[in-house]
**Q** 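So that we are looking at the same thing, I have put the structure below in structure tokens.
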Amino acid sequence: MAPARPSAPVLDEATLLARMQAGDDEAFEACVRTYCGRLLVVARRILPNEEDARDAVQDAFLAAFKQIDRFEERSKLGTWLHRIGVNAALGRLRKLHKHPEQPIESLLPHFGEGEHQFDPPAPWQATSDAILQGKESRELVTRCINRLPDAYRTVVLLRDIEGIDTDETARLLGTSPGVIKTRLHRARQALRTLLDPYFRRDDL
């Protein structure tokens with residue numbers, strides 16, 4: 001029986017970057033192995049199906065490798081690739097055929113005279129931290145996020161899930177920080193509406 005082929009050594013980031021900038025094919029392969037999974041997770045959050053997510057990751061690596069000579073080490077390689085991955089996924093999302101969406105207004109709180117809210121949400125039986133610790137609850141939150149209109153869903157994903165700051169989110173989406181703040185506020189209100197029927201109970 002032939003001996004097992006040794007796995008490729010894990011390169012530190014500085015060495016990996018230097019070798020890629022020198023045109024080392026093995027370094028490019030190592031970069032894909034190291035970061036492909038992380039970028040795929042990001043793309044899956046933004047895009048509606050697996051094929052589009054994988055295509056976006058491929059687009060991201062192609063874009064990154066074309067720009068590798070211009071990479072400045074003001075940020076980590078992984079952070080830089082993450083931003084390119086988000087950009088690639090958003091680019092794919094813009095090209096997709098728009099599906100009918102539920103208007104965000106139908107999910108927002110409604111108020112009567114004197115700012116009295118109609119049908120206010122009941123207190124949840126569990127804290128938000130406890131909710132997100134459960135697998136079923138996390139999957140429910142994901143499904144509810146996916147029900148938001150694209151303009152609002154994307155902002156929630158970038159700000160609350162990916163942790164990208166307001167200014168960078170605005171740059172990625174081609175709008176202003178003020179618009180991002182408004183969309184995020186409205187998206188969070190809509191999510192509360194969608195989640196309320198489930199989390200006012202104590203069986204999740």
**Q** About how many Å separate CZ of Arg171 and CD1 of Ile180, when rounded to the nearest 0.5 Å?
**A**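 The distance works out to 12.0 Å.
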**Q** Could you report the tightest heavy-atom contact between Ala27 and Arg19, atom names first, then the distance?
**A**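 Nearest heavy atoms, Ala27 then Arg19: CB-CB, 3.6 Å.
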**Q** So which heavy atom on Ile46 is nearest to which on Leu157, and how close?
**A**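 Closest pair (atom of Ile46, atom of Leu157, distance): CA-CD1, 3.9 Å.
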**Q** Determine whether the side chains of Asp12 and Thr15 contain a donor N or O and an acceptor N or O closer than 3.5 Å.
**A**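 On atom types as modelled, these side chains qualify, holding a pair under 3.5 Å.
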**Q** Roughly how far apart are Thr34 OG1 and Leu39 CG, rounded to 0.5 Å?
**A**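 Thr34 atom OG1 to Leu39 atom CG measures 11.0 Å (nearest 0.5 Å).
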**Q** Pairs in or reaching into residues 14-55: which pass ring pair (Phe, Tyr, Trp, His ring centres under 6.0 Å), with residues at least two apart or in two chains?
**A**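 Those involving residues 14-55 are Phe28-Phe65.
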**Q** For a quick test of reading the model, state the closest non-hydrogen atom pair linking Cys144 to Leu195 and the distance between them.
**A**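 Looks like SG-CD2, 3.6 Å.
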**Q** For the CD atom on Glu26, are there more than 12 heavy atoms of other groups (residues, nucleotides or ligands in this structure) within a distance under 6.0 Å?
**A**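 Check fails, neighbour count at 12 or below.
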**Q** If every non-hydrogen atom of Ile104 is compared with every non-hydrogen atom of Ala190, which pair is closest and at what distance?
**A**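 Minimum heavy-atom separation between Ile104 and Ala190: CD1-CB, 3.6 Å.
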**Q** Evaluate the side chain to side chain contact (heavy atoms under 4.5 Å, CB included) criterion for residues Cys31 and Leu81: first the C-alpha distance (whole Å), next the side-chain angles of each, then the deciding distance (0.1 Å), finally the verdict.
**A** CA-CA 10 Å; Cys31 181; Leu81 289 171; 3.9 Å; yes
**Q** Where is the tightest heavy-atom contact between Leu16 and Ala30, given as atom of each residue plus distance?
**A**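 Leu16 and Ala30 have their closest heavy atoms at CD1-CB, 3.9 Å.
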**Q** How far apart are the C-alpha atoms of Val179 and Ser176, what are their side-chain angles, what is the distance that settles it, and do they pass the side chain to side chain contact (heavy atoms under 4.5 Å, CB included) test?
**A** CA-CA 5 Å; Val179 168; Ser176 69; 3.3 Å; yes
**Q** Counting only pairs under 3.5 Å, give me each side-chain donor-acceptor contact of residues 160-167, with atom names and distances, residues two or more places apart or in other chains.
**A**
unit_1 : atom_1 : unit_2 : atom_2 : d
Asp160 : OD1    : Arg188 : NH2    : 2.7
Asp160 : OD2    : Arg188 : NE     : 3.1
Glu162 : OE1    : His82  : NE2    : 2.7
Glu162 : OE2    : Arg45  : NH1    : 2.6
Asp165 : OD1    : Asp167 : N      : 3.3
Asp165 : OD1    : Glu168 : N      : 2.7
Thr166 : OG1    : Arg159 : NE     : 3.2

**Q** Do Arg147 and Arg143 pass the side chain to side chain contact (heavy atoms under 4.5 Å, CB included) test, and can you show the C-alpha distance, the side-chain angles, and the key distance before you say yes or no?
**A** CA-CA 7 Å; Arg147 288 178 59 185; Arg143 291 199 302 272; 5.9 Å; no
**Q** Using the side chain to side chain contact (heavy atoms under 4.5 Å, CB included) rule, take Trp80 and Ile68 through it: C-alpha gap first, then chi angles, then the decisive distance, then the call.
**A** CA-CA 10 Å; Trp80 182 68; Ile68 197 66; 3.9 Å; yes
**Q** Checking Glu13 side chain against Leu77 main chain: does a donor-acceptor pair fall under 3.5 Å?
**A**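 Yes; at least one donor-acceptor contact below 3.5 Å.
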**Q** Give the table of side-chain donor-acceptor pairs shorter than 3.5 Å for residues 55-62, with sequence neighbours excluded, one pair per line with atom names and distance.
**A**
unit_1 : atom_1 : unit_2 : atom_2 : d
Asp59  : OD2    : Arg92  : NE     : 2.8
Asp59  : OD2    : Arg92  : NH2    : 3.0

**Q** With rounding to the nearest 0.5 Å, note down the distance linking CG in Leu148 to CG in Leu191.
**A**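 Reported to 0.5 Å precision, the distance equals 4.5 Å.
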**Q** Kindly write out the residues that satisfy salt bridge (charged side-chain N to carboxylate O under 4.0 Å, His left out) with Arg83, not counting sequence neighbours, or none if the list is empty.
**A**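 Residues passing salt bridge (charged side-chain N to carboxylate O under 4.0 Å, His left out) with Arg83: none at all.
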**Q** Can you give me the closest heavy-atom contact between Pro177 and Ala170, atom names plus distance?
**A**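 Residues Pro177 and Ala170, closest heavy atoms: N-CB, 3.6 Å.
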**Q** Only counting residues at least two apart or in another chain, list the ones meeting salt bridge (charged side-chain N to carboxylate O under 4.0 Å, His left out) with Arg153.
**A**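 With neighbours one apart ignored, the set is Asp150.
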**Q** Could I get the full list of side chain to side chain donor-acceptor pair (under 3.5 Å) partners for Thr182, not counting sequence neighbours?
**A**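 Per chain and number, Thr182 pairs via side chain to side chain donor-acceptor pair (under 3.5 Å) with no residue.
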**Q** If you apply the rule salt bridge (charged side-chain N to carboxylate O under 4.0 Å, His left out), what do you find for Glu50 with Arg44, and how did you get there?
**A** CA-CA 7 Å; Glu50 184 71 12; Arg44 283 169 174 163; 2.7 Å; yes
